[in-house]
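Each chain gets a letter, A, B and so on, in the order its sequence line appears, and its residues count up from 1. Computed over heavy atoms, backbone and side chain alike; hydrogens, waters and symmetry mates excluded.
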Number of protein chains: 2
Amino acid sequence: MAQSALIESKDGAGHGPASLDSVLGFHIRLAHGAVYRHFTETFATLGLTQKQVSTLWLVAEMPGIAQSELGNRLRMDRATAMSIVSRMQERDYLWRERCPSDGRKQLLHLTDAGKKALEEAKACIKEHERWLKSRFTSDEVKKLVEMLARIHE
Amino acid sequence: MAQSALIESKDGAGHGPASLDSVLGFHIRLAHGAVYRHFTETFATLGLTQKQVSTLWLVAEMPGIAQSELGNRLRMDRATAMSIVSRMQERDYLWRERCPSDGRKQLLHLTDAGKKALEEAKACIKEHERWLKSRFTSDEVKKLVEMLARIHE
DNA sequence: CCTATTTGTTAGTGAAGCATACAATCGAGC
DNA sequence: GCTCGATTGTATGCTTCACTAACAAATAGG
């Protein structure tokens with residue numbers, strides 16, 4: 001892609017990064033954007049977003065997880081988790097169960113339709129991940145995941 | 001598509017990655033979210049978003065850049081670039097100049113207020129980057145930037 | 001001149017994140 | 001048992017951003 005002409009920089013000034021290209025956060029943002037775009041393309045037929053797939057996936061891995069715990073793990077606040085869970089419920093992909101031991105909590109479970117959708121989604125994810133990981137060796141993927149985890153953990 | 005990395009862990013059946021934790025895109029999303037949140041916090045007083053700072057920064061580095069070129073470099077479509085540039089113009093941070101040699105283009109320039117805002121923003125970015133990079137050695141930062149660039153370039 | 005492309009503009013849609021307020025529930029301490 | 005504070009879910013509204021579609025103006029190439 002374009003070799004930017006922003007290379008010449010006032011390095012001596014000491015007033016922060018010289019060029020936009022040297023800002024780590026900038027690259028994280030662009031990388032995320034590229035991944036997000038390809039994801040949306042891949043999932044156009046299924047009509048699912050990253051957050052929605054993550055939600056279905058996590059509920060499948062931890063059936064009966066509370067809505068609040070889902071939000072914690074996916075780094076969403078209550079309101080955001082609420083709207084995503086509600087949307088998945090409207091589609092009949094999951095259902096809420098009032099927790100018998102703690103009446104405040106809503107426990108989440110996938111419906112059969114949700115399990116089926118997740119299976120399809122996982123196939124798409126596999127393609128998506130292949131596209132993404134094709135840039136790296138397996139050692140690099142491991143290193144990249146480990147470094148990214150240091151950011152969000 | 002290089003020699004990669006389709007080492008899909010234990011899942012002989014070919015049904016995609018086994019756990020959400022092994023999905024690279026998932027970690028990119030969470031890392032981006034964490035960075036975005038810290039950025040927003042850091043820039044609360046300035047009232048600027050990542051996209052807005054990137055825009056100001058890029059216009060400062062390339063005065064007279066066309067709106068379309070700005071969009072290309074920051075990976076925004078025309079409509080998104082339009083709304084961000086308009087917002088920055090409303091704040092008197094930049095102004096548009098009709099291109100004399102190509103009447104379709106709008107050339108962008110920072111105002112004095114925009115230059116001042118960018119200087120403040122760069123100081124905040126410095127803090128933000130310090131927070132972000134504190135997790136890594138300088139070699140790791142270099143490697144990380146290089147790998148992320150492979151994704152968005 | 002005619003046509004296709006590029007660029008900017010406007011309007012509308014939708015997902016997400018965030019803040020706030022409110023209700024229900026739970027737990028701890030009195 | 002009772003009150004008080006914290007947790008959890010819910011509802012509402014606001015903002016940013018990405019995308020689409022349509023349209024107008026200017027350009028480029030035949």
Rounded distance in Å - CD (Glu69(A)) to C1' (dT7(D))
13 Å

Measure the distance from CG on Asn72(A) to P on dG9(D) and round it to the nearest whole Å.
9 Å

Send over the distance from Gln89(A) CD to dT10(D) C1', rounded to a whole Å.
12 Å

Any side-chain N or O of Arg96(A) less than 4.0 Å from the OP1 or OP2 oxygen of dT10(D)?
yes

Out of dA18(D), dA15(C), dG8(C), minimum distance to the side chain of Ala66(B) belongs to dG8(C)

I'd like to know if Glu119(A) pairs up with Lys116(A) as an ion pair, taking the criterion as any Lys NZ or Arg NE/NH1/NH2 lying under 4.0 Å from an Asp or Glu carboxylate oxygen.
no

Taking every non-hydrogen atom, the tightest pair across Pro100(A) and Leu107(A):
CD-CD1, 4.4 Å

OP1 or OP2 of dG17(C) sitting under 4.0 Å from any side-chain N/O of Ser83(A)?
no

Starting at the 5' end of DNA chain C and moving along, which residue's nearest nucleotide shows up first, Tyr36(A) or Thr40(B)?
Tyr36(A)

Nucleotide of dT20(D), dA15(C), dT10(D) approaching Asp77(B) most closely (side-chain heavy atoms):
dT20(D)

Is any side-chain N of the basic residue among Arg37(B) and Glu41(B) closer than 4.0 Å to the acidic one's carboxylate O?
no

Is Gln50(A) close enough to dA16(C) that one of its side-chain N or O atoms is under 4.0 Å from OP1 or OP2 there?
no

What is the separation between atom CE on Met82(A) and atom P on dA19(C), rounded to the nearest whole Å?
18 Å

Gap between atoms CG and C1', on Leu74(A) and dC18(C) respectively (whole Å):
17 Å

Salt-bridge present (Arg73(A), Glu61(A); N to O < 4.0 Å)
no

Could you tell me the separation between the CZ atom of Arg98(B) and the P atom of dA25(D), rounded to a whole number of Å?
11 Å

Of the candidate nucleotides dG9(D), dG8(C), dC18(C), which contains the atom at the shortest distance from the side chain of Ala79(A)?
dC18(C)

Where the side chain of Thr111(B) meets the backbone of Asp92(B), is there a donor-acceptor pair that is under 3.5 Å apart?
yes

Between Arg37(A) and Ser68(A), just flag the one whose closest nucleotide in DNA chain D comes earlier from the 5' side.
Ser68(A)

Can you check the Lys51(A) NZ to dC18(C) C1' distance for me, whole Å?
13 Å

Given dT8(D), dA16(C), dC17(D), which nucleotide is nearest the side-chain atoms of Ile84(A)?
dA16(C)

Check this for me: does any side-chain nitrogen of one of Glu146(A) and Arg150(A) sit under 4.0 Å from a carboxylate oxygen of the other?
yes

Rounded to whole Å, please give me the gap between CE in Met76(B) and P in dT20(D).
16 Å

Can you get from Met147(A) to Val145(A) by hopping between Ile, Leu, Val, Met, Phe, Trp and Tyr side chains that sit under 4.5 Å apart?
yes

Can you sort out which residues in residues 100-110 of chain A have a heavy atom within less than 4.0 Å of DNA chain D? Ascending by number, please.
Arg104(A), Lys105(A), Gln106(A)

